[in-house]
Amino acid sequence: MSGRVLVGVKRVIDYAVKIRVKPDNSGVVTDGVKHSMNPFCEIAVEEAVKLKEKKLIKEVVAVSCGPQQAQETIRTALAMGADRGIHVQVTGKDYETLGPLQVSKILAALAKKEDAQLIILGKQAIDDDCNQTGQMTAALLDWPQGTFASEVSMEGDKLKVVREIDGGLEMIKINTPAVVSADLRLNTPRYATLPNIMKAKKKKIANVNPADLGVDLTSRVEILRVDEPPQRQAGVKVETVDDLVGKLKDTGRI
Amino acid sequence: KTWCMCSDYCTEVGILMHLWHLSSKGEHINSFLFYTKQSCAEVFPYPEVGNEEAEEIQQLVAPVEKFFAEEVDSARIDQEAKIPPETMNGLKELGLFGMQVPEEYGGLGLSNTVYARLAEITALDGSIAVTLAAHQAIGLKGILIAGNEAQKNKYLPKLASGEHIAAFCLTEPGSGSDAASIQTRATLSEDGTHYLINGSKIWISNGATADIMTVFARTEVVKDGVKADKISAFIVERAFGGVSSGKPEDKLGIRGSNTCEVAFDNVPVPVENVIGEVGGGFKVAMNILNSGRFSMGSSSAGMIKKLIELTSEYAATRKQFNRSLSEFGMIQEKFALMAVNAFVMESMAYLTAGMMDRPGLPDCSVEAAIVKIFSSEGGWICVSEALQVLGGLGYTKNYPFERYVRDCRILPIFEGTNEILRMYIALTGMQHAGKILTGKIKELKKGNIGVAFGMAGKRLKSAFGSSVDFGLTGKDGVVHPSLEESAKKFEQNVAFFGTTVESLLYRYGKSMVDEQLILKRVADVLINLYAMTAVLSRSSRSISIGARNHDHEVLLANTFCSDAYFKNNYLMTQLQKHSPENNDANIKKIAKEVLENRAYICSHPLERTF
């Protein structure tokens, strides 16, 4: 076993930012807007680094797909403890239409190239909320998957994963190599301390083209229009239950 | 480097002769801000960080912002008057205790520019900002800038990690602004191996928590057979014994920062712990204080930018008279004030930091003092206006405004009171003008009418604001055309200032040093001039690189310059001989009568004499 873990990290608009739709409804405003690592990706990195600290795996490789700025996100992962990074360069139109299908193809190709034993991803990105990349990557590689993980432990060459599901918690045991997607309660990511950021400057980030991996980035999805959610209308106060029933009937709700 | 606003009668030759004169005396000159084409290179173009540093800044800012947003409970820190240990540990782990300590000693080795950038974030909590600044901007700075290898190796690593906390011990009950008069004494032992320090210090930040202190005390030195009592700087470890801290001061603001008295009772300090030369302590103290001051510009700017966000939320949603507050002129004015102030403070802070980061360790002490005065007073006004927008709500502890007001009040007081710094700026600025003028004045007094006519002629020329050109605008100008008007106003101010200074020196000569009300105006003009330079330089850069919203910057720059231009003209009018706009004589008379009686002396309006 190579003892190598691939962690996918995505650069997204920061969770605290108030999103605004572009005037032409083609997308959201990203220019000059604060971006940071997807929170679920942070949890994924933290889990990988923890496994390395427990000496259960040997190397953590952080991967990000995107334009030049994706390197910042990789650097944050390096500052959190990843050993090296891979920047898959995707720009322009390709980047605008980049989605789980393309990313999972890239990750699958990289996993084979890097002889990865484990892929850890965030369960979903907070910008598109797809929740597909982990699952697709596992399918492309024909690997088992442990999604919505709230606990991960290694038992020999098997992986025990506790999953958060609607009914509660489900525990599964899967073979490695495998794909895990991190859920909120898996861990609390560490801060990238400033000294670690400085040290991370010395860690390497390799540049890779999707073409070199034999991946076709063509999208099967076309975004027609992006709109803001409808404005919340003011409510109306009623005095009695009869009034309430009356109003509900009037607006056709019952 | 010192500033000199000489009028245009200082020809290139005159300047060069002056430079030659000073350099032959062995004085180290980096540059003068004469506003000749030569000196424009100092402030134009606006300093640019290298690519690596620019990337670094992005990376470093994120975790610090995150920490302050998620882990810092400022209300609790203010209420309990202490920073919780978990928060302190978080700050230490982030690496914020050794920002400017070189990497080889375990610090981050950040430049002044990056340090200033992070200060924008730490300023969001006043108590934390002051605790960090007291530790590294002054507490350990002496070791950093004047210490020897052995001292650096011994002390810096633990200070950088925050395992040890540092404090700066200069002020005494009887010696605040008059720092040179301190009485704490360091007596050399018989065997010459150590000093014994005795005395007490007050207003010491981190006084109770510091393990390592930079202490200033009087030592006997013998030079050329003459005994003198000079100040020396010492690294004192609490572990040496004899060091005791008083109870924490109950303060108006920055309540989470520890401030107390520190007493030294026969504290033994090895001679190896003297920082720099024995007897050279005062200079070390001044260098330390000068080196940290500029960051107040970025801290204040960071705080105001935050306040603009908080306040505008409220102004946009709160309605009175069926309109939101943001539609009313007097409210809009407050936002413009905050935006302009933040813009000026940022521009000045990073201009100064950028200059300080240039190789050769340039002396930017006058500029740093200017930044400190502008930021402390501007900050105070802005937080007050921000609170005003929220009205009664702003006055309650439910909102952070009152805490920002209380935290800000210390800014014009510590790190050199604004009164003292104004004196420093004015006198240093005039010192060089004085050197040039001395020659001319001697001629005048000898009755050399030709020179007198020469001066009068030039003065007339300047008075009509004609042909004043320092190369800022025009075909080869360094300022962008959309800022041309403002640059011209600036040049006019400089020219008028030159003749004003000339006239003042002639009228007062050496006794100028006691004319505080005059020096105050001189300083205020210099502050405005530096501020104008900073905004012109910064916005020129923004236009040329196509920065986002650079039109707004031009608007801010022009607004500020127009305002400052008129204020400067008024100040300088008051400085002219027999100026009717100058009420100084009356002011002094009023003060004298009040202070003699130690009370307001008017008889009560309801009293009768009949």
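Owing to the predicted nature of the structure, the values given are computational and were not obtained by experimental measurement. Letters go in sequence order (proteins before strands), and every chain restarts at 1.
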Trainee: For a quick test of reading the model, state the closest non-hydrogen atom pair linking A:L194 to B:L96 and the distance between them.
Mentor: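 Heavy atoms of A:L194 and B:L96 come nearest at CD1-CD2, 3.8 Å.
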
Trainee: Please check if atom OH in B:Y399 has more than 12 non-hydrogen atoms from other residues, nucleotides or ligands closer than 6.0 Å.
Mentor: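 No, the 6.0 Å shell around OH holds no more than 12 heavy atoms from other groups.
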
Trainee: When you look at CG of A:D227, are more than 12 heavy atoms from neighbouring residues, nucleotides or ligands closer to it than 6.0 Å?
Mentor: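 Yes.
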
Trainee: Would one find more than 12 heavy atoms of other residues, nucleotides or ligands at under 6.0 Å from atom CD of B:E86?
Mentor: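 Count over threshold, so yes.
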
Trainee: Within a strict 4.5 Å, meaning less than it, do heavy atoms of the A:I197 and B:L108 side chains meet?
Mentor: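 Answer no - side chains too far apart.
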
Trainee: Does the side chain of B:E93 come within less than 4.5 Å of A:Y191's, by heavy atoms?
Mentor: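 The answer is no; the side chains never approach within 4.5 Å.
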
Trainee: Tell me if the CD atom of A:E53 is crowded by more than 12 foreign heavy atoms within 6.0 Å.
Mentor: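 Yes, enclosed.
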
Trainee: Should B:P63 and A:T193 count as side-chain neighbours, where that means a heavy-atom distance under 4.5 Å?
Mentor: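 Sidechains of A:T193 and B:P63: no contact.
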
Trainee: For B:Q59, is it the side chain, the backbone, both or neither that has a heavy atom under 4.5 Å from a heavy atom of chain A?
Mentor: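 It is both, since atoms from each part get that close.
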
Trainee: If you draw a 6.0 Å radius around CG in A:L56, do more than 12 non-hydrogen atoms from other residues or ligands fall strictly inside?
Mentor: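 Buried by this count: over 12 neighbours within 6.0 Å.
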
Trainee: Relative to chain B, which segment of A:S36 carries a heavy atom at a distance below 4.5 Å: side chain, backbone, both, or neither?
Mentor: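 Neither part.
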
Trainee: Do B:E65 and A:K34 come within less than 4.5 Å of each other through their side chains, counting heavy atoms only?
Mentor: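 Yes. Closest side-chain heavy atoms under 4.5 Å.
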
Trainee: Do other residues, nucleotides or ligands put more than 12 heavy atoms under 6.0 Å from the NZ atom of B:K306?
Mentor: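 Open.
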
Trainee: Are there more than 12 heavy atoms of other residues, nucleotides or ligands under 6.0 Å from atom NZ of B:K158?
Mentor: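 No, because the 6.0 Å sphere around NZ of B:K158 holds 12 heavy atoms or fewer from other groups.
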
Trainee: Can you check whether B:E55 reaches A:E72 side chain to side chain, under 4.5 Å on heavy atoms?
Mentor: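 The answer is no, as the side chains (C-beta and beyond) never meet within the 4.5 Å cut-off.
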
Trainee: Please step through side chain to side chain contact (heavy atoms under 4.5 Å, CB included) for the pair B:E52 and A:K201, ending with a clear verdict.
Mentor: CA-CA 10 Å; B:E52 208 191 291; A:K201 285 202 284 186; 3.5 Å; yes

Trainee: Measuring only between side-chain heavy atoms, which start at C-beta, is B:E56 closer than 4.5 Å to A:M198?
Mentor: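 A side-chain contact under 4.5 Å exists here.
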
